[in-house]
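These notes concern the structure reproduced below.
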2 protein chains.
Amino acid sequence: MRMAELSRESGVAVPTIKYYQREGLLPPGELTSPNQARYTATHVRRLRLVRALLEIGGLSVAGVREVLAAIDDPTTSTHDILGLAQHGLPMAKLEVSDDDRAWAMERIETAAAERGWQPHPESPVIEAIVGVLCAFRQVGHEWALDALDLYAEAADLVADADVTAVARLGRTEAIVEGAVVGTVLGDALLAALRRLAHAEASRKLFQA
Amino acid sequence: MRMAELSRESGVAVPTIKYYQREGLLPPGELTSPNQARYTATHVRRLRLVRALLEIGGLSVAGVREVLAAIDDPTTSTHDILGLAQHGLPMAKLEVSDDDRAWAMERIETAAAERGWQPHPESPVIEAIVGVLCAFRQVGHEWALDALDLYAEAADLVADADVTAVARLGRTEAIVEGAVVGTVLGDALLAALRRLAHAEASRKLFQA
DNA sequence: CTCGTATGGATAGTATAGCTTGCCACTATA
DNA sequence: TATAGTGGCAAGCTATACTATCCATACGAG
């Protein structure tokens, strides 16, 4: 397979593919001459992964590069996947006062205890949650956090399914990729389904 | 309150505040002289909302402007909130073949039927879900969709809580803002909690 | 063999977003 | 009355994600 076919197969323009190669998102093809290379189904697949992470996952090119590096690194363990998800993936932060942080941490610990979670208090995920809780508070919609336990329950529900599904993949190198895909695209899926569920819940409540 | 205090109170730099005013994200202060204006607690609050939507929600400046316009528009009804959430908010799309679309629609309809949902098949939310499902398929991780029903259940769980909580706000103008805040920040909260739950689930499965 | 198109590789250019800087006349404050 | 702050406007800046242009070479139909 050559460049033109790779482009057709993946729906990505040739100059863009070249750009991704330069950025290290796509490995070079096998050179048959100084200016001819062959590509394989692996390239098509990788290209589709890149596009999915960029368009659906909303990752930056740099973020995709980090994620792919972890996927390709044979020393990435099953347990590291979590660290990965906390690292290259987009997690907004908000600077926050000590008071707000303490308040948020307390709420998080309460909710975690309820679910039997034992989170490390200094992980970036906790930081992200602190940021979100403080944002809710700062904009004056603290009431929304009454449902924090419920949100945690929903997260638990899908996370259990995610982890067991990934574990079922076997010990191949696909497990890390599966975890990444599940994490990134899963976020988008959950968000979209939540919108749909909003519409249905509102219909039931107001229209009935 | 003058510019400097507004800046201190909100943690946003003065030039940035001016920029937001130019972009229509923040109403002008009440002019007391040609070059002096007074700001109120409303401005602080609005500014914090803008920052939350930008940093936590990941909206663009243009997206924030649309959302704020809807919040400020007195003709925005409770029911329109859903349309709003589907409109100004970031929802990635992926171009998709007819085959893939048909396959995705079938899966969506199955899952929707299971939950008693009756979604309009041409809404942008459905489009977004189609995109995500096709992305899963295109990158070769269709297995992740075994949990689609579970994702829908989780979405239902939080959406019910969201809608009833918003409905409890009463018929003030805060209801629309509440819905927006809940939708946008709620996405971030759910995503972060899911990361946390992943870590816990993996700990239970692998480390125990 | 040949001629038009495709290719790999490199460099440079573009468009957009989200600020940031500079400037000005003017105003509050000490 | 000196100093710092202000509203308003225009221009500039940085980063991101592509696009476009070149070039020497290679492939492939005739």
Side-chain angles (χ1 to χ4, degrees), chain A residues 1-40 43-44 47 49-68 88-90 92-95, chain B residues 1-40 43-44 47 49-68 88-90 92-95:
Chain A
M1 182 185 300
R2 286 178 324 200
M3 184 56 92
E5 195 178 349
L6 178 59
S7 172
R8 238 177 298 113
E9 203 75 14
S10 62
V12 181
V14 172
T16 307
I17 296 178
K18 288 184 174 186
Y19 166 66
Y20 290 160
Q21 289 181 324
R22 285 198 301 279
E23 293 297 317
L25 306 189
L26 190 68
E30 190 197 348
L31 282 178
T32 62
S33 324
N35 69 335
Q36 292 289 292
R38 250 190 316 225
Y39 304 95
T40 67
H43 289 93
V44 179
L47 203 39
L49 177 58
V50 167
R51 294 302 287 182
L53 293 178
L54 286 175
E55 298 200 356
I56 307 290
L59 268 68
S60 66
V61 168
V64 174
R65 183 166 44 229
E66 281 184 59
V67 165
L68 293 178
L89 270 41
K93 332 169 185 179
L94 197 67
E95 66 178 39
Chain B
M1 182 185 303
R2 284 175 324 188
M3 185 55 92
E5 195 179 349
L6 178 59
S7 172
R8 239 177 297 114
E9 202 74 15
S10 62
V12 181
V14 171
T16 306
I17 295 178
K18 288 184 174 185
Y19 166 65
Y20 289 159
Q21 289 181 325
R22 284 199 301 279
E23 293 298 316
L25 307 188
L26 190 67
E30 190 196 349
L31 283 178
T32 61
S33 325
N35 69 336
Q36 294 288 292
R38 251 190 313 223
Y39 304 96
T40 67
H43 289 92
V44 179
L47 202 40
L49 177 59
V50 168
R51 295 301 287 181
L53 294 178
L54 286 176
E55 298 200 356
I56 306 289
L59 269 68
S60 66
V61 167
V64 173
R65 182 166 42 228
E66 280 184 59
V67 165
L68 293 178
L89 268 43
K93 337 170 181 178
L94 197 65
E95 67 179 39

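Letters go in sequence order (proteins before strands), and every chain restarts at 1. Quantities reported herein were computed from a predicted structural model and do not represent experimental measurements.
Considering all non-hydrogen atoms of both residues, B/S10 and B/L6 come closest at OG-O, 2.8 Å. In this structure, A/R65 and A/E23 approach most closely via the heavy-atom pair NH1-O, 2.8 Å. Here the closest non-hydrogen pair linking B/R51 and B/T16 is NH1-CG2, 4.4 Å.
Residue B/R22 has its side chain nearest to D/dA11 when only D/dG7, D/dA11, D/dC27 are considered. Of the candidates D/dA26, D/dT6, D/dG28, D/dA26 carries the atom nearest the A/Q36 side chain, counting heavy atoms from C-beta on. Of the candidate nucleotides D/dA26, D/dT19, D/dT6, D/dT19 has the atom lying nearest to any side-chain atom of A/T16.
Atom CG of A/L54 and atom C1' of D/dA17 are 9 Å apart (whole Å). Per the geometry, CD belonging to A/Q21 stands 18 Å off P belonging to D/dA17, to the nearest Å. Atom OH in A/Y20 sits roughly 8 Å away from atom C1' in D/dC18 (whole-Å rounding). Following rounding to the nearest Å, B/I17 (CD1) and D/dG8 (C1') show an atom-to-atom distance of 15 Å. Between the C1' atom of D/dG5 and the CZ atom of B/R8 lies a distance of 11 Å, rounded to the nearest Å. Counting to the nearest Å, the P atom of D/dC18 and the CG atom of A/L47 are 11 Å from each other. Between A/R38 atom CZ and D/dC27 atom C1' the separation is 14 Å, expressed in whole Å. Rounding to whole angstrom units, CG of residue B/L6 and P of D/dG5 are separated by 15 Å.
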Using nucleotides 21-23 of chain D, report all nitrogen or oxygen pairs with the protein that are shorter than 3.5 Å.
none

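Proximity of A/V12 to A/Y20: side-chain heavy atoms (C-beta onward) are separated by under 4.5 Å at one or more points.
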Go through the steps to decide whether A/H43 and A/I17 satisfy the test side-chain contact (heavy atoms from CB on, under 4.5 Å), and finish with yes or no. CA-CA 10 Å; A/H43 289 93; A/I17 296 178; over 6 Å; no
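If B/S33 and B/V61 are placed on DNA chain C by their nearest nucleotide, the residue sitting closer to the 5' end is B/V61. Each of A/N35 and A/S60 lies near DNA chain D, and the nucleotide nearest A/S60 is the one positioned closer to the 5' end.
Here chain A contacts DNA chain C (any atom closer than 4.0 Å to a heavy atom, that is under 4.0 Å), and the contacts span C/dT7 to C/dT11 from 5' to 3'.
Distances shown here put a side-chain N or O of B/Y39 below 4.0 Å from the OP1 or OP2 atom of D/dG7.
Between A/R38 atom CZ and A/R2 atom CZ the span is 10.5 Å, to the nearest 0.5 Å. To the nearest 0.5 Å, the span separating CE on A/M1 from CZ on A/R8 amounts to 9.0 Å. Taking CD of A/E66 as the reference point, atom OG of A/S60 lies at 7.5 Å (rounded to 0.5 Å).
Exactly one residue among B/L59, B/L26, B/L68 makes a side chain to side chain contact (heavy atoms under 4.5 Å, CB included) with B/V50. That residue is B/L68.
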